[in-house]
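A quick write-up on the structure given underneath.
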Amino acid sequence: MAVEERSETGRVTRGREVADIRLERVTKRFDDVVAVDDVSLAIERGSFFALLGPSGCGKTTTLRMIGGFEEPTGGAIFLGDADVTGLPPYKRDVNTVFQSYALFPHLSIFENVAFGLRRRGQRGDPLKRRVEEMLELVALPGLGKRKPGQLSGGQQQRVALARALVNSPQVLLLDEPLGALDLKLRKQMQLELKRIQNDVGITFVHVTHDQEEAMTMADQIAVMNAGRIEQLGSPDELYERPRTAFVASFLGASNLLRGRAAGEGVVRLEDGTEVRVPAAALAGRTGPVAVGIRPEKIRLAAGESNMLEGVIAERSYIGVSTQYIAQTGTGSITVYAQNTDHGPSGLAAGDRVTLSWSPESTFVVDALEEERR
Amino acid sequence: MAVEERSETGRVTRGREVADIRLERVTKRFDDVVAVDDVSLAIERGSFFALLGPSGCGKTTTLRMIGGFEEPTGGAIFLGDADVTGLPPYKRDVNTVFQSYALFPHLSIFENVAFGLRRRGQRGDPLKRRVEEMLELVALPGLGKRKPGQLSGGQQQRVALARALVNSPQVLLLDEPLGALDLKLRKQMQLELKRIQNDVGITFVHVTHDQEEAMTMADQIAVMNAGRIEQLGSPDELYERPRTAFVASFLGASNLLRGRAAGEGVVRLEDGTEVRVPAAALAGRTGPVAVGIRPEKIRLAAGESNMLEGVIAERSYIGVSTQYIAQTGTGSITVYAQNTDHGPSGLAAGDRVTLSWSPESTFVVDALEEERR
Amino acid sequence: MSIAAEQLPAPRRFDLSARAVAAARHHLLTLFAILALVYLLLPIAVVVAFSFNDPVGRFNFTWGSFTLDNWANPFGFPDLRGAVVLSLEIAALSSIAATILGTLIALALVRYHFRGRGATNLLIFLPMASPEIVMGSSLLTLFLNYSIPLGFATILIAHIMFNISYVVVTVRARLAGHDRHLEEAAMDLFATPWATFYRVTLPLIAPGVLAAGLLAFALSVDDFVITYLVSGSDQTFPLFVWGAARVAVPPQINVIGTMVFAAALVLMFLNIAFQWRRSPKGAA
Amino acid sequence: GGDGIEGQETTTGEAAGTTTVSQELADQLVIANWTFYIDINEKTKKRPTLEQFKRDTGVSVRYIEEVNDNEEWFGKYQAQLKAGDDIGRDIVVLSDWMVARMIKLGYLQKKDKSAIPNEENLQDALKSPGWDPNRDYSLPWQSGLTGIAYNKKTIGKVTTMDQLLTDPKLKGKVTFLTEMPDTMGLLIAAQGGDPENVTDEAFDSAISALQDAVDSGQIRRFTGNDYVEDLASGNVWAAMAWSGDVAAGIDNPNIEFTVVDTGSHIWTDNMLIPNGGDVFTASTFMNYVYDPVKAAQIAAYIYYVTPVKGAEDQIAQFDETAVGNPLIFPTEEMLSKTFIFDADAADKAEYKEKFQAVIGA
Amino acid sequence: MNFFHRHRALVPYLLLLPGLAWLALFFVVPMYYLGYTSLQAGDLFSGYTFAWAWDNYSDAFTLYRGHFIRSLEYAGVATLAAFLISYPLAYWIAFRGGRWKNFLLLLVIAPFFVTYLIRTLAWKTILADQGFVVDALRTLHLVGEDGRLLATTTAVVAGITYNFLPFMALPLYVSLEQIDKRLIEAAQDLYASRVKAFLRVTFPLSLPGVFAGTLLTFIPAAGDFINAELLGTPRQLMIGNVIQSQFKEVANYPQAAALSFVLMAGIVIAVLLYARAVGSERVTAGTAA
Ligand SMILES: Nc1ncnc2c1ncn2[C@@H]1O[C@H](COP(=O)(O)OP(=O)(O)OP(=O)(O)O)[C@@H](O)[C@H]1O
Ligand SMILES: Nc1ncnc2c1ncn2[C@@H]1O[C@H](COP(=O)(O)OP(=O)(O)OP(=O)(O)O)[C@@H](O)[C@H]1O
Ligand SMILES: [Mg+2]
Ligand SMILES: [Mg+2]
C-alpha cells in the first residue's frame, strides 16, 4: 500500500519546499486550560487538509494561531519559509472563513468581498472586475448590491468564501464553514468547496467535527483529541488503519473486540476465538489489545479466514444498506449489508449466522476501558 | 414482497379501532400562506410515525395542530375516537418534545419532569418514584437536582423526553428532537428513542427533515412537500418505490434518467438504450417518464439485465463505501460500492466500465424538469 | 394522496363558556393596559394642552382660553431662553463626552477578556443604583472641600459622570448582538487595527452609540436633582422650572416641555423606522 | 439677559465725568430679587422701570427672580460667597436679619454713597438699624406686612392665628411661611409673647402650637412666595401672607389680606451688593429707584410699603386707587398692630433648628 | 500599531482608563468626601472642620428616623404599585403587542421625555382640589365633599409611582419579551392551564426583570424629594427633602452629608447583596432596552 510512507508525525523534516504551513511544537494555554498541546504539523502546498476532532479538542485554537488571532504560548509557526509566530493577522498571507461567516452586516456583498482588496490599495476597474469574477466563481453573480442579511445561509457561506478567496491567499483557513447549514445544503457546499479548491489550487485548512465531511473532502486529515494530534494521514489510511480506539470510533462505526496478542499476527479474544490480523498491525504489541473491524467489511456468511458464530438480534433498514446487529460470544457486532437488490433481503432477527472477514480488514488498537456515552 | 399490501393512502378507513390519530382534510392557513393543505392521515396506535419533508413544508404546523397549539383553518382532528379540534393543549392526552427542548430553565431537572404530574395533582412519594423511574429510563439517574443549563445537549434532549413520557400520554409528538445534536450524539439518541418507544409502546409522531433518521426509526413515513403529503408508506416502500421524483431524491441519492415509455415494462432512454422496469411500475404510463436507480443497486460489471456503458469520471472514498461517478450516454450516474475489502479498491478515474442493474431495482417517476439547486 | 378539493369548512366545536371566559380575560388585560397607558400619558396631555392656555392671571393651571401666543413666543419670559440654552449646551457637551468615554468602556467589556471585569461592572452599575441626591451631595462636598467654584464646569462634570453608565449599558447591549469575529475578519482581510476600527467597529456600533448619545442627552436635559446641588448660580431649564414652580409656571414652560417631548418622539420614531429599514423582516 | 435688552452701545450718561475705573458704569447690572417685586407690563412682559433705567444710563439690567426664601437663597450661594467667588449678582434683595448675617460674614461690599444722593429720601425710621447703623451696606427696597390672606368666598373671614391653627374647616387648607421671623413672630404675638424680644419659653410654646397644627394635618405646606399660586387656585383657603402679594399678585377679588390684631410682622427687604458685584453701577441703580417718581411707579404696581419719602405724592400719576392705600402707606392704626422681629433671635441656630424640625426640612 | 498587537493585554485597560478614571474621580472620590464631611463639626459662621463628629450620625438616626422610615415606606409602596401597574402592561406589550410592540414601548417611555418637574407639576394640576379628577371622585363619592388628593400621602406615592414607572416597566418588558414562547406552550402541553402556566413558568422566568425593575424603581424613589415637596405636606416629607434642605437651605453640610451617607450605605449594601445573588451584569442588563 502506498499509504504507509505518506504518514509521518512528530517533527516533519521532509518536503520543506512543499510544506506551506509548519507548526513546530506549538502549545497554547488559556489560564489553566491547555487548549493545544505540543503540536507539530506540516501541511503541503495546494493540499486540502482537515483538522478533525470532537468539540473542545483545540481545532479552532490551532486554526486561530495559524491565522494570527492567538499567539502560541510556545513553539513556532511557519508560512512557507517565514516564521510568522509574532505577526498580526493583517500581515499574514492567510485568509479565514469563519464558522459564523462574520460578514460585515453594514456593507454590501460587493463591499464585503472587496474589503481585503481595498485594504491592499486596489481601486477602480481592476477591483471591480476581480470582485465580480469571484462572485461568479461562487455562483452569486448579480447579488453584489444586497446586504448580508438579505441572503440565505448557503449564500452567506459562499460570500464568506469569496471574500477570503478574492485575496488569493497562500492559505485559506476554514473553521467549520458548513456547520450552520442543513444537511442537503451542506452536501452541496462540500462539493462546491472541493471544486473551488481544485480550481484555485491553494492550500485549504478545514476544521470540522464531522468525519464524513473530512473524509469526502480532505487529502490529509489530522485527528485531534484533547489538544493533541492522535493520528495524521489520508482518509483511507485513518479509516482502515486507525491507530487508536479514539480514531477508530471517531471515523465511522467499528466493532472493537477485546483480546490479547497471541503470537505473530494472532489475537485471542475473550471467548477464546482466535482472530488473524496483519502482522504489521500487531507489530510488537503484547498483552491486552482490541481488534477492530468495520461493519461493512463483515460478510454474513463463512468464507473469510476470520469467523464468528452469532444470532441476528436486530435488523434495520437504512436505505443504502441494511444494518444487522449480531449477538456473538464476544459481544454484539454490527454489520452493514449494502442493499444491492430490490426489497428487504436475507436475514431476520433470530436467525443464526456465521460472520466472516479477512485479516487485511482487521486493525488493532490498544485495549481501552469501554468508552460509552 | 409483503410491502405492497401495507400501503394505503387517501381516506383511511381500515383499522379505525387502531388509528390513534386521525386528521381529516386538515388545512391551516396563515394570512396568505397555506402551511398545511387538505391533509388526511391516520396513524396507528403504538406505531412510530415520521413526518419527513424539507424546511417550510408544514411539518411543524401539522404537529402543532395535533398538539393543540394551532387551530386548523379547516378539517378535524381525532385522538382515538374523540374529536379534539377545539381543545386547548392542556386538555389533550398528548405530549410534545419540542425542537429546542423548551425545558424550564428556572426549574431543576426533577421539577421539569414532575411538572405535568404535579399539574394533574400527583404529589409526594408516588410522584417522586415515578419521576425517578423516568429519569432512569432515559439514563439520567441522579441528575434531578441540576438545572437544565448545566446539562449537555444530549442530556437536555433526554430530559425533554422524560418530561413528556412521564405523563404516559396516548401520543408523543416529537418536533425534530435531535436537530440540535451533533452527528454522533444524534445516532446514539436515535437508537435510544427507538428503544424507549419499544419499551413504553405508545404512539410516536416524529418530525424531521433528515431522511436517514426517518428511515432508521419509523415504521411509517409521510413525506410532505409544500403543505401536502406526497407519499406515505414504510421506509423500504418509499425508498424502493418512490412515486415522485421529489420523494425519490428526498430519500437518498438516486440516478434519474429521462426517457419515454416504450411498451410493457420497457422505457427507452434519450440515447436509445432500453431499460426494463417492473411492469407494475410503469402501469399505464405513456410518454415521457424518468427511470430511477439507487446508486447502491448498480454493479460496476455486466451481469444484470439492464446495462449502460460508461467511463469513470470521479472516485471518492467515503469510508463505508466508495462513490463513483460514471459518464454515460444518458448523463452521469452515481454508483456506490461498499468497501468490503481492505484498501481502496478497483477502478480509477478514466477506466471504462459496464454498469448493470436488475429491473426489480428500477422505479419509474413522472418526467420532471431538472431540479437543481 | 392529497385530494385536491375545495376547503370544506368542517364544523368545529368548541367550549363556548370557556371561550367567553378566555375572551373576557383577554380583553381585561387589554383594558388594564390601556388604562395604564392613559395613566402614563395623562400628564403629558395636560402639559401639551396647557401650552395652549391663555391663563387668567399669572397662573397656568386653570383653563383660560385657547391661544397660540405661547408658541409664537416660546421664550417670552425673562431668563427662560438662557436656561434652555444652558441646558442644551450642557447636554450636548456632556453627552458627547460621556458617549466617548462610555463607548470605550463598552468596547473593552464586550471585546476583551481582562482581569477586573467584575469590579468594572460594579463601578458602572453603582452610579445607576445611587440616589441622585447622594451623588449630587457627594459631588457638592467634593467641590466645597476644594473650593471649586460651582457653575458650568461643575454641572458638566456631574452630567458626564452620571451619563457614562447609561452609555456603557446601551452600547454594550448593542455590541453584544454582533459577532465577536467581525473585527478578526477585518484584520484577517489586511485591515490594520485603525482601519478595523473605523471601517468595521465604528459603523457597527454607530446606531448604538447614537442611541446612547441621545439617551445621555435626554438624561442631561432632564436632570434636576444633581444639577440643583452643583449648579451654583447657573440655571438650567429644570432649575428654571423649579424656581418657577415656587411662584408661577408660565405657559412657555409647557411649550418648551412639549417641544422637547416632540423632538424626542420624532427621534425615537426615526430610530424605529431606521431599524425597520435595516432589517426588512421588521424584527427590530 | 432676558429678552433683548442686551446693551452693546458704550456707556455715555451722567457718570461720564468721573474718571476712576470704579466710577465707570458697567454694560450690565444683575439684580437678584424676590418674585413680583418690581413693576412689569403684563402685555409685553417688560419691566418699565428697568427699561427706563437702561434708556437713561445705557446699563441693561438682568433681573433674576430667584429669591423665594432668605435661607434658601443664602444656602444656594453660601459656598461661593465663602470662597470669595463672584456669584454674578451686583444687587441682591434680602431681609433685615439676613443682612445682619451677611455683614457679619463679610460677604457684602459697601455702597458708593457718593453715587446715591437720593438716599436722603429714605424714611427716617429706617435710617439706622442696629446691624447697619450708617446704612453702609444696605438700602431698603420695600417694606411689608405679614398677615393673613384668605378666600372670603370659601371660608368667610379669617382674622386670627387661632383660626388658622385650629379651625377644622381649614384643615389642610392653610399654608404658613418658611421664613421663621414671619411664622414664629406672628405665633408668639398671638400667644401674647413679645416677638421683638423673644424668650425661649415664648418660642417653645409657639413651636409646640405649630407642631400640633402640622401633626393634625391642619397645615398643608410651608411656603415662600408660592402660597400665592395655591391661594389663587383654590387649593388653599387661608395663608400666612405678605401684604403686597395679595394686592398685586392675585387677580381674584375673593382673596383678601388682613393684618392680625394680635400683631403682624413688619419687615424690610434691602438692596445689597455681594462680593464681586459692581459697586458703582449698583449704587447708581439704588440712586435711580430712590427717585420718588420711580419709587411711586414701582409701589403702584407691587403694593408694598415704599421706603422712599415723597413717593406718596407721585403715586396718583400711576394708579389712582393706590392713593392712600393702607397697604402701601400704612395707617397709624395698622402700624400700631405691628412688630419688628427680634433680629438676634432670627438668626439663632438653636431656634432655627427647632423651626426646621417642625416645618420638616 | 504593532504596539497594540504586541501588547494586546493592555488594550482593554487603555479603553477603560479615561471613563473609569472619571467615575473614580467624580463618583468614588466624592463618596470619600461625603464621609469626610459627615464627620465635620462647626457652624456656618466659624466654618466646618473635621472632628470625628459621630453625633452627626446619631442625629441622623434619632432626629430623622421618621424620615428614613417614611422614605422606605413610600418607596416600597410606590415600587409595589409600579410593579402592579407595569407588569400587566409589559406583559400585554410583550405578548400581545405584535407589530406595535415598539410603538407601545415608545408610549411607555414617552413620559421620560417631558422634564421630570414639568410632569410632576402636571400632576399638581390634575390632582388640584378644584380639578376635574377630584370633582369626578367627589361625584362618585370616592372622596368626601371636602376631601382632596393633592397634599396627601396618596398624591406623593402616586407621583413617585408615576415618575419611576418606566424604570419598572422597561426591565419587565425586556425580561418578558425574552421568554421563549415555546416554554409556555410546553407548560400547556404538560396540562398547565393558562393561569398555572403563568404562575409556574412565565412569572418565574420574568424574575430577573422584576428584580432589576424593583431596584431601579426603589432606589431613586427612596432618595426622591420632588414629589413630596410638590405634592405633599410637611407630614409627607422624605429623607431626600431633609438632605436637600440641610445642604441648600440650612447649609449644615456635615449633617446633610451624614444623612446622605447613611442613605447611600444602606442602598449600597442592599445592592451589593443583590448583585452578588443575581450577577451584576444581569442587573445592569435590565436597564438596557
Ligand atoms: N479564549 C479562551 N479562553 C479560555 N479558554 C479557551 C479560550 N478559547 C478556547 N478555550 C478552551 O480551549 C479548549 C479548545 O477550544 P477550541 O475552541 O480550540 O475547541 P474546538 O476544537 O474548536 O471545539 P469546537 O468544535 O467546539 O469549536 C476548550 O477547552 C476551550 O474551552
Ligand atoms: N405563525 C405563522 N405565521 C405565518 N406563517 C407561518 C407561521 N408558522 C408557520 N408559517 C409558515 O408556514 C409554512 C410551514 O411552516 P412549518 O413551520 O410547518 O414548516 P416545517 O416543515 O416545520 O419547516 P422546518 O423544517 O423549517 O421546521 C412556512 O412557509 C412558514 O413560513
Ligand atoms: Mg471550534
Ligand atoms: Mg419545523
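Numbered from 1 within each chain, the chains take letters A, B, ... in sequence-line order.
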message: Using ring-ring contact (aromatic ring centres under 6.0 Å, His included), reason through Trp123(E) and Tyr39(C) one step at a time and then give a plain yes or no.
response: CA-CA 11 Å; Trp123(E) 274 112; Tyr39(C) 170 63; 5.6 Å; yes
field: chain C contact via Tyr116(E) - side chain, backbone, both or neither, heavy atoms under 4.5 Å
entry: both
query: Relative to chain E, which segment of Leu140(C) carries a heavy atom at a distance below 4.5 Å: side chain, backbone, both, or neither?
result: side chain
message: What part of Ile164(C) gets within 4.5 angstrom of chain E, counting heavy atoms only: side chain, backbone, both, or neither?
response: side chain
message: Do Tyr112(C) and Tyr13(E) pair up side chain to side chain, a donor and an acceptor below 3.5 Å, judged on atom types alone?
response: no
field: Contact origin within Thr217(E) toward chain C - heavy atom pairs under 4.5 Å
entry: neither
query: side chain to side chain contact (heavy atoms under 4.5 Å, CB included) between Leu20(E) and Ile124(C): does it pass, once the steps are laid out?
result: CA-CA 8 Å; Leu20(E) 291 190; Ile124(C) 301 301; 4.1 Å; yes
- prompt: Leu84(E) versus chain C, heavy atoms under 4.5 Å apart: side chain, backbone, both or neither?
  reply: backbone
field: Per-residue contact mode, Ile118(E) against chain C (heavy atom under 4.5 angstrom)
entry: both
message: Is Tyr36(E) close to chain C through its backbone or its side chain, or both, or neither, when contacts mean heavy atoms under 4.5 Å?
response: side chain
statement: Whatever's closer than 4.5 Å to a heavy atom in chain C on Phe225(E) counts as side chain
message: So for Phe114(C), is it side chain, backbone, both, or neither that comes closer than 4.5 Å to the heavy atoms of chain E?
response: both
message: Is Tyr228(C) in contact with chain E via its backbone, its side chain, both, or neither, using a 4.5 Å heavy-atom distance?
response: both
field: Which portion of Phe27(E) sits near chain C, non-hydrogen atoms under 4.5 angstrom
entry: both
message: Report which part of Leu165(E) has an atom under 4.5 Å of a heavy atom belonging to chain C: side chain, backbone, both, or neither.
response: side chain
- request: Can you tell which part of Arg119(E) gets under 4.5 Å to a heavy atom of chain C, answering side chain, backbone, both or neither?
  value: both
Portion of Leu144(C) that has a non-hydrogen atom of chain E nearer than 4.5 angstrom: side chain
message: Heavy-atom cut-off 4.5 Å, strictly under: side chain, backbone, both or neither for Val260(C) against chain E?
response: both
- request: Mind listing the closest non-hydrogen atom pair of Ser138(C) and Met31(E) along with its distance?
  value: OG-CE, 3.8 Å
message: Need one label for Arg111(C): side chain, backbone, both or neither, based on atoms under 4.5 Å from any heavy atom in chain E.
response: neither
- request: Can you tell which part of Thr258(C) gets under 4.5 Å to a heavy atom of chain E, answering side chain, backbone, both or neither?
  value: neither
query: For Leu42(C), is it the side chain, the backbone, both or neither that has a heavy atom under 4.5 Å from a heavy atom of chain E?
result: both
- prompt: Would you call the rings of Tyr146(C) and Tyr33(E) parallel, tilted or perpendicular if under 30° counts as parallel and over 60° as perpendicular?
  reply: perpendicular
Tyr162(E) vs Pro43(C) side-chain heavy atoms within contact, under 4.5 Å: yes
